[in-house]
Amino acid sequence: MTTIPFNTPFIAGKELYYIAQAVTLGNIGGDGQFTRKCSRLLEERFNIRKVLLTPSCTAALEMAAMLCGLGPEDEVIVPSFTFVSTVNAFVRVGAKPVFVDIRPDTLNIDDSLIEEAITPNTKAIWPVHYAGVGCEMDRIMTIAEKHGLLVVEDAAQGVNAFHDSRALGSIGHLGAYSFHETKNYICGEGGALCINRPEFVERAEIIRDKGTNRQKFLRGEVDKYTWVDLGSSYVPSEICSAYLYAQLEMVDTIAERRRQIHEFYRQRLEPLEAKEMLRLPHIPEDCRGGHHMFYVLLPDVATRDGLLAYLRSRGVHAVFHYVPLHSSPMGKKYGYRDGDLPVTEELSGRLLRLPFYHSITEQEQMQVVQAVGECLQRKNAQRVQRQLAGDVPRCLVNVPGAACPEHDR
Ligand SMILES: *Cc1c(COP(=O)(O)O)cnc(C)c1O
């Protein structure tokens with residue numbers, strides 16, 4: 001029995017060669033040729049006004065919060081079903097999260113609940129493209145425009161993913177990408193800030209470079225650089241950018257590999273979905289690319305936890321995902337309670353992510369699929385047996401032909 005990890009980093013092409021080149025050229029600090037090449041490639045390919053590489057998506061989101069001018073008293077509308085960095089980015093400058101429930105189909109922020117969450121203190125909407133599947137961005141942008149709000153896309157999982165013909169990260173006023181080793185295109189730790197509003201560019205460059213106008217100096221626009229604003233150290237090392245550039249050169253190959261992995265799971269698991277033993281991810285017609293992960297939704301928490309344990313016993317490292325932020329100790333400090341966001345709470349408890357990485361083989365995927373099938377069929381068989389013994393109403397048994405008692409008569 002081989003052990004199948006949940007994720008493992010990979011080399012797609014010239015990563016090591018480019019790192020050696022960066023070292024040989026004598027520039028492993030920030031903003032050398034590889035960082036510039038990555039920015040340009042992302043700008044051109046995804047039609048983004050300005051892309052600034054950062055050491056992480058977390059850093060890019062922090063920059064976005066600063067650029068939006070968020071502070072105490074300000075409110076930001078955000079899903080609770082997300083990674084901590086989405087929210088910490090603005091909480092650390094004093095703004096308050098206003099958590100909105102998710103849509104049961106895509107697990108993205110429920111756009112129909114956004115308007116009722118707006119108050120006079122609302123400054124921004126902060127959607128997250130879960131699994132690289134786009135939020136309802138047209139509707140979100142319309143709401144934002146109507147109420148004069150800024151939109152920051154957390155597109156950590158949505159690099160090279162599209163909503164209609166627009167790249168995720170290119171639609172809101174600002175967007176953030178992640179190149180963490182668990183994401184689709186990687187460099188260890190890395191990220192990017194996508195700037196779609198020209199008036200943010202100059203200040204973003206200053207914030208990124210310790211609050212100085214060093215970028216202007218490097219372009220020869222000023223004769224020395226100095227401290228002009230708030231800032232931090234948000235420039236990545238050339239070593240990371242060199243790795244990333246090799247990945248971005250192979251963006252189509254990597255995307256195709258992920259599409260195949262996704263498709264393999266989908267096809268092999270469809271029979272279980274047809275028997276209502278699990279639910280597969282929903283991808284709306286107008287969403288393309290993404291393929292950040294493959295999750296399944298089980299009928300209840302007990303089945304999810306049972307499946308997780310069974311897969312571990314078969315060497316398969318599946319994992320669950322976010323514990324909703326509103327039910328965390330920090331979320332409770334903001335006055336949230338369990339039960340506030342029913343869809344988020346229910347779906348997060350039923351979700352399981354399957355191993356998904358560039359180098360996973362069909363054989364390994366088959367091992368995952370078989371283990372999932374064994375566990376769920378066995379559980380179902382137990383229910384059928386109990387039902388035959390009269391313990392479980394027949395309508396609760398997921399077998400073809402099983403009908404409700406009324407229909408039996
Ligand atoms: C991974 C992730 C982040 C954080 O990315 P880092 O590059 O690790 O900082 C933020 N938001 C979401 C939705 C993520 O999936």
Side-chain angles (χ1 to χ4, degrees), residues 6-7 9 35 38 42 51-66 76-92 97 99-100 102-103 106-109 124-135 137 140 151-161 163 168-169 171-172 174-194 208 232-237 239-241 243-244 247-248 258 281 287 289-295 319-326 328 330 344 347-348 351 353 356-357:
F6 174 67
N7 178 63
T35 306
C38 289
L42 292 166
V51 172
L52 295 177
L53 251 52
T54 57
S56 65
C57 179
T58 302
L61 290 164
E62 289 179 9
M63 288 179 68
M66 293 169 81
V76 177
I77 293 173
V78 67
S80 161
F81 186 64
T82 186
F83 189 60
V84 281
S85 292
T86 315
V87 174
N88 250 338
F90 55 82
V91 162
R92 63 189 279 287
F99 292 118
V100 163
I102 50 172
R103 298 167 57 107
T106 57
L107 281 54
N108 281 333
I109 190 166
I125 309 174
W126 216 264
V128 178
H129 304 297
Y130 187 67
V133 173
C135 296
M137 288 309 291
I140 291 172
V151 175
V152 177
E153 293 175 74
D154 182 340
Q157 304 174 13
V159 180
N160 195 30
H163 184 248
L168 304 185
I171 309 169
L174 293 161
Y177 288 154
S178 176
F179 305 113
H180 183 258
E181 70 165 11
T182 54
K183 299 300 200 289
N184 291 22
Y185 310 94
I186 64 172
C187 67
E189 296 273 2
L193 178 69
C194 308
R208 180 168 169 268
S232 189
S233 183
Y234 291 136
V235 179
S237 154
I239 294 184
C240 291
S241 299
Y243 194 113
L244 182 62
Q247 294 256 316
L248 294 178
R258 296 191 79 94
C287 290
H291 301 127
H292 171 59
M293 68 173 85
F294 198 94
Y295 66 81
V319 292
F320 54 85
H321 216 176
Y322 309 123
V323 176
L325 295 180
H326 76 281
S328 68
M330 269 299 270
T344 298
L347 295 184
S348 63
L351 186 138
R353 293 180 293 155
F356 197 135
Y357 49 88

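In listed order, ligands and their atoms are each counted from 1.
- Using cut-offs of 30° and 60° for the angle between ring planes, the Tyr322 and Phe83 rings count as tilted.
- Using the six-membered ring where Trp is involved, His321 and Tyr130 have ring planes that are tilted, between 30° and 60° apart.
- For Arg353, there are no salt bridge (charged side-chain N to carboxylate O under 4.0 Å, His left out) partners two or more places apart in sequence or in a different chain.
- Contact residues for ligand 1 (protein heavy atom closer than 4.0 angstrom to any ligand atom): Ser56, Cys57, Thr58, Thr82, Phe83, Thr86, Val128, Asp154, Ala156, Gln157, Ser178, His180, Lys183, Gly190, Tyr322.
- Scored by the salt bridge (charged side-chain N to carboxylate O under 4.0 Å, His left out) test, Arg208 finds Asp31 as partners (sequence neighbours excluded).
- For Tyr234, the side-chain hydrogen bond (donor to acceptor under 3.5 Å, both in side chains) partners are Glu62, not counting sequence neighbours.
- Counting only heavy atoms from C-beta outward, the side chains of Asn108 and Pro127 never approach each other to under 4.5 Å.
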